[in-house]
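Working notes for the structure below.
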2 protein chains.
Amino acid sequence: MGDATETEYASACAAVSDSDSRAIRAVLDRIGDKWSLLVIGELSHGVRRFTGLLRGIPGISQRMLTLTLRQLERDGLVTRTVHAEVPPRVEYELTPVGETLIPHAIALAHWAVEHYPSIETSRASFDAGS
Amino acid sequence: MGDATETEYASACAAVSDSDSRAIRAVLDRIGDKWSLLVIGELSHGVRRFTGLLRGIPGISQRMLTLTLRQLERDGLVTRTVHAEVPPRVEYELTPVGETLIPHAIALAHWAVEHYPSIETSRASFDAGS
DNA sequence: CTGTATCCCATACGATACTG
DNA sequence: CAGTATCGTATGGGATACAG
């Protein structure tokens, strides 16, 4: 993971000039919110129903799950299919575009788990020292 | 980028059970905010001064740059060195841990630039249709 | 130059209750 | 089951002014 830094970095940052920053801002605003990435993580398992997602994502409220799913649907990352039954059944699934986010979600999750101890330690000493 | 999905995914999600979710939440709260990833992107070029960052990140306010840098410093992702001169010179630099975030930042930036057109199109049709 | 302090607003989010 | 509606709070974040 540490073979392409300087060179790769320069070209990547050169590409981030003006109009691209809008795209980055927009994407960051979406996947950077409190629940989107966790919802995508749940959906990476496959098709899920509303209540299933609610139970699979501890701490999320009905309201926020609804809002998050609507945003993801609007952005074309998730599909919502309603089955005309009683009781109603609504299934959510990642679109092909949405699935391309999975590797990044996994990578970030790995990074978080790997470096969180270091972060906690740093926070403790920062808060202790002046 | 599309070779490890199903298997890789299963093991990754299995690892995300209880205590890891705290780490993911904590990291997401930090790098998911409005400016951290952009600051890290600027610092990936190398050492930067306060004003340099302010100019390099369009739209950020003095206040938010200060707050963001303090958080990153607290988390041990950025170092802050003050040079005793007049006028004062303060330099910010990524720590080794902070540098490990660069590949992920680059990956997300690439994803954003690549898929943003699709997202915009999807939003337009979503907003148009009922 | 590199911040800090204060004010203020928009909105993200949670809790709760209600509906087809 | 799968939402919507309403309310209230917390806080993220901008603008501006001031300071070492």
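None of these values were measured; they are calculated from a predicted model. The figures that follow rest on heavy atoms only: side chains count, while hydrogens, waters and symmetry mates do not. Chain identifiers are assigned alphabetically (A, B, ...) following the order of the sequence lines, protein sequences preceding nucleic acid strands; residue numbering begins at 1 within each chain.
Side-chain atoms of B/E93 and B/T81, non-hydrogen and from C-beta on, never get closer than 4.5 Å to each other. Taking the side chain as every heavy atom from C-beta outward, B/L108 and A/L108 approach each other to under 4.5 Å. Inter-residue side-chain proximity for A/R80 and A/L69 is flagged as unmet; no heavy-atom pair is nearer than 4.5 Å. A/T51 has its side chain within reach of A/R55: a pair of non-hydrogen atoms, C-beta onward, lies under 4.5 Å apart. Between A/L28 and A/R25 there is a side-chain heavy-atom pair separated by less than 4.5 Å. You'll find the side chain of B/L94 reaches within 4.5 Å of the side chain of B/I102, heavy atoms only.
Between B/Y92 and the phosphate of C/dC1, there is no side-chain N or O to OP1/OP2 separation shorter than 4.0 Å. OP1 or OP2 of C/dT2 lies within a sub-4.0 Å distance of a side-chain N or O belonging to B/R49. Between B/T66 and C/dT2, a side-chain N or O to OP1/OP2 separation shorter than 4.0 Å is absent.
For the segment residues 70-87 of chain A, the set of residues with a heavy atom within less than 4.0 Å of an atom of DNA chain D comprises A/R70, A/R80, A/P87, in numerical order.
Qualifying side chain to side chain contact (heavy atoms under 4.5 Å, CB included) partners for B/R49, counting only residues two or more places apart in sequence or in other chains: B/R89, B/E91. For B/S36, the side chain to side chain donor-acceptor pair (under 3.5 Å) partners two or more places apart in sequence, or in a different chain, are B/D33.
In the hydrophobic clustering of ILVMFWY residues, with side-chain heavy atoms under 4.5 Å counting as a link, B/V82 and B/V47 come out apart.
The pair B/R74-A/D127 counts as a salt bridge, with a side-chain nitrogen and a carboxylate oxygen less than 4.0 angstrom apart.
For DNA chain D, the contact window with chain B, defined by any atom under 4.0 Å from a protein heavy atom, covers D/dG13 to D/dG20 in 5' to 3' order.
Of the two residues near DNA chain C, A/L67 and A/P88, the one whose nearest nucleotide lies more 5' is A/L67.
No donor-acceptor distance shorter than 3.5 angstrom exists from the side chain of A/R30 to the backbone of A/D75, with no hydrogens or angles considered. Of the possible donor and acceptor atoms, one in the side chain of B/T100 sits under 3.5 Å from a partner among the backbone N and O of B/V97.
Using bins of under 30°, 30° to 60° and over 60° for the plane-to-plane angle, the ring pair A/F50/A/Y92 lands in the tilted bin.
Computed from C1' positions of five pairs at each end, the angle between the two local axes of the helix from C/dC1-D/dG20 to C/dG20-D/dC1 equals 50°, rounded to 10 degrees.
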Mind listing the N/O atom pairs, protein and nucleotides 14-17 of chain C, below 3.5 Å?
from	atom 1	to	atom 2	distance (Å)
C/dG14	OP2	A/W35	NE1	3.4
C/dG14	N7	A/R63	NE	3.4
C/dG14	O6	A/R63	NE	3.2

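The interatomic distance linking B/L54 (CG) with C/dC1 (C1') rounds to 11 Å, in whole Å. In this structure, the CZ atom of B/R89 is 13 Å from the P atom of C/dG3, given to the nearest Å.
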